[in-house]
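Below is one structure; the comments refer to it alone.
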Amino acid sequence: MDQTDSGKVESSLILLGVTGCIAAYKSAELLRLLQKRGYTITAILTEHAQKFITPLTLAALSGRPVITEMFSSTGGDFGPGPAIDHIHLAREARALVVAPATANTLAKFANGIADDFLSTLYLATPAPVVVAPAMNVKMWNHPAVQRNVETLRARGTVIVDPDEGYLAEGYHGKGRLAELDRIVEEVEKTTYQRLDLKGETVLVTAGPTCEDIDPVRYLTNRSSGKMGYQLALAARQRGARTILVSGPTRLSPPSGVETVLVRSAQEMREQVLAHFQEATIVIKAAAVADFTPLRAATQKIKKNETGWTLELVPAPDILSEIGRMKQKQVLVGFAAETGNALEHGRQKLQRKNLDLIVVNDVSQPGAGFDSDTNVVTILSKEGRERRIDRASKLEVAHRILDEVLACRSPHG
Ligand code: PMT
């Protein structure tokens, strides 16, 4: 499973999960397309998938046994014994690809329900997961399904959105299995991932902090945590050990990332300092409070007719503190600005002793808080300036990591 010089990872085993939907017949063609790209395929059919396509078809095409049951009475075909086939395959696989994926399978993956071979394998594999849903348009648009899709995306699962077109139900809508070429392209992108951060320990902060005023009130900000979580995911995808220190968010932590949940700026400081020495790269995407109440009341502060003055004191400036401690680490700060963004960014870069600063003009459309996309300019201490036009936060995260590696190169 080691990386070759070309960046391709040596295991070529793709686990192809097929679930119970009319588009299951297309999995035979998908299997052949993946084989043509040099992958070895082991197919897994759920019980309902077998109503639409036979195991024999996929076994004949793949030249390998097809898995249809959780426990095979004939003994393990792929590992030391039947009970642990899913563990053995999970470890060996280069990717798990599920096409088509039904609403039921999405729900099981999103919620960790392991009641058959495929859903158990999903929980057991460290390999990247590519899922191509297919279903009726009303099901696809249902908030429950969309929520499961978002949960999976946030966890790092690559979702190949269904296409629009004529559905088996006899009308037009979004829900058809994506074109097979698009699925193959996503599988290739995922399996040819660079592992250029292998050996690094990346410490990322994300989300807002909450500064308690009393047992019912607190001060916070609009950060959703998306930017930081996508940075952690990108670092993990590129082979780094990744530690995520996160303020309160609604997001599920990306799989494979060591996540520490905190609440206040003070707690975030403690956790960043606790992990700072082991980190080789530190990226501070969190929106940390600049001020915190002088003291949090232990009882709810009562309403009165005359008003209320809340006394605030500066919260710990974590980035400045680690900027002073920095030795081997590449230190990346963020600057959320609403005017004169580049100028303010440059000042923060110098003042906080950073290697890079990601300037985020949060007043631009598609940028900043809670958006799925971002628009940033990355400034380096050597004077490089790189603008990234509107792109998904995952794409922006990868471009930031590219710049981190450029700092390391002798010509950086
Ligand atoms: O979470 P999302 O909804 O995806 O939104 C992303 C984001 C807008 C929060 C993110 O892209 C971003 O810009 N994060 C930094 C927000 C911020 O607090 O900026 P700042 O200019 O106030 O702080 C500058 C830097 O100092 C930041 O790296 C911050 O983490 C750090 N800081 C700030 C205050 C403080 N007390 N301690 C710190 O370490």
Side-chain angles (χ1 to χ4, degrees), residues 150 153-154 203-211 219-234 244-251 253-254 262-273 276 281-292 312-326 329-379 388 390-397 399-400:
E150 282 321 308
R153 259 195 239 280
L203 172 60
V204 179
T205 67
T209 60
C210 292
E211 308 300 319
L219 298 173
T220 190
N221 60 64
R222 294 169 193 268
S223 170
S224 64
K226 288 179 186 170
M227 189 66 243
Y229 276 57
Q230 295 297 329
L231 272 160
L233 171 62
L244 173 66
V245 177
S246 172
T249 75
R250 293 168 176 270
L251 306 175
V262 298
R263 181 169 174 81
S264 63
Q266 183 55 36
E267 281 178 26
M268 186 170 279
R269 173 183 176 271
E270 281 159 21
Q271 288 304 322
V272 168
L273 293 184
F276 184 67
I281 297 166
V282 181
I283 310 180
K284 289 222 64 257
V288 187
D290 289 318
F291 298 98
T292 188
L312 300 176
V313 293
D317 186 333
I318 308 165
L319 191 55
S320 294
E321 188 171 351
I322 58 177
R324 289 192 293 273
M325 293 165 60
K326 163 167 98 96
Q329 292 88 351
V330 175
L331 186 51
V332 184
F334 269 69
E337 304 289 346
T338 51
N340 276 339
L342 288 183
E343 195 37 48
H344 288 136
R346 271 188 207 100
Q347 288 166 8
K348 276 186 191 162
L349 176 78
Q350 274 208 333
R351 202 171 58 238
K352 300 198 178 197
N353 191 26
L354 309 178
D355 296 283
L356 295 173
I357 192 147
V358 182
V359 181
N360 205 173
D361 182 344
V362 293
S363 60
Q364 293 201 39
F369 296 106
D370 202 26
S371 161
D372 289 329
T373 57
N374 213 348
V375 183
V376 303
T377 303
I378 308 171
L379 305 177
I388 300 169
R390 188 170 178 168
S392 72
K393 282 186 171 166
L394 185 60
E395 179 67 30
V396 171
R399 307 281 276 278
I400 294 169

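All ligand and atom numbering here is 1-based and tracks the order in the structure.
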Hey, which atoms in ligand 1 end up nearer than 4.0 Å to a heavy atom of [X]?
X	value
Met227	4 (O), 6 (C), 11 (O)
Ile318	37 (N), 38 (C), 39 (O)
Lys226	1 (O), 2 (P), 4 (O)
Lys352	26 (O)
Asp290	34 (C)
Gly333	28 (O)
Lys348	20 (P), 21 (O)
Asp370	2 (P), 3 (O)

Taking [X] for its side chain and [Y] for its backbone only, find out whether a donor-acceptor pair lies under 3.5 Å.
X	Y	answer
Ser264	Glu267	yes
Asp317	Ser320	yes
Asp361	Ser363	yes

Shortest protein contact, [atom] (heavy atom only):
atom	result
atom 28 (O) of ligand 1	Lys284 O, 2.7 Å
atom 1 (O) of ligand 1	Ser223 OG, 2.6 Å
atom 9 (C) of ligand 1	Phe369 CE2, 3.6 Å
atom 12 (C) of ligand 1	Phe334 CD2, 3.5 Å
atom 18 (O) of ligand 1	Ala287 CA, 3.4 Å
atom 11 (O) of ligand 1	Asn360 OD1, 2.6 Å
atom 19 (O) of ligand 1	Ala336 N, 3.3 Å
atom 33 (C) of ligand 1	Val288 CB, 4.0 Å

Polar contact flag for [X] and ligand 1 (N/O pairs, less than 3.5 Å):
X	answer
Gly207	no
Glu337	no
Ala286	yes

* Sub-4.0 Å heavy-atom contact, Arg269 with ligand 1 -> no
* Quick one: does Asp317 get within less than 4.0 Å of ligand 1, heavy atoms only? -> yes
* Does CD in Gln350 sit with more than 12 non-hydrogen atoms of other residues, nucleotides or ligands closer than 6.0 Å? -> no
* CZ/Arg222: more than 12 non-hydrogen atoms of other groups inside 6.0 Å -> no
Is there a side-chain contact between [X] and [Y], using heavy atoms and a 4.5 Å cut-off?
X	Y	answer
Thr220	Thr209	no
Ser392	Asn374	no
Leu319	Leu331	yes
Glu321	Leu273	yes

* Asked: Can you tell which part of Ala289 has a heavy atom less than 4.0 Å from ligand 1: side chain, backbone, both or neither?
  -> backbone
* Structure fact -> In Val332, Leu356, Thr205, the residue satisfying side chain to side chain contact (heavy atoms under 4.5 Å, CB included) with Ile283 is Val332
* Heavy-atom closest pair, residues Glu211 and Phe291 -> CG-O, 3.9 Å
* Where do Asp370 and Lys226 land on the salt bridge (Lys or Arg N to Asp or Glu O under 4.0 Å) test, with the steps shown first? -> CA-CA 7 Å; Asp370 202 26; Lys226 288 179 186 170; 3.5 Å; yes
* Nearest neighbour of atom 14 (N) of ligand 1 from the list Ser224, Ala285, Gly368, Gly225, on a heavy-atom basis -> Ala285
* Option nearest atom 36 (N) of ligand 1 (shortest heavy-atom distance, choices Pro316, Ala265, Ala335) -> Pro316
* Structure fact -> Interatomic distance, CZ@Arg346 vs CG@Leu349, rounded to 0.5 Å, equals 9.5 Å
* To do: Please assess Ser223 against Asn221 for the test side-chain hydrogen bond (donor to acceptor under 3.5 Å, both in side chains), listing each intermediate value before the final yes or no.
  => CA-CA 6 Å; Ser223 170; Asn221 60 64; 4.6 Å; no
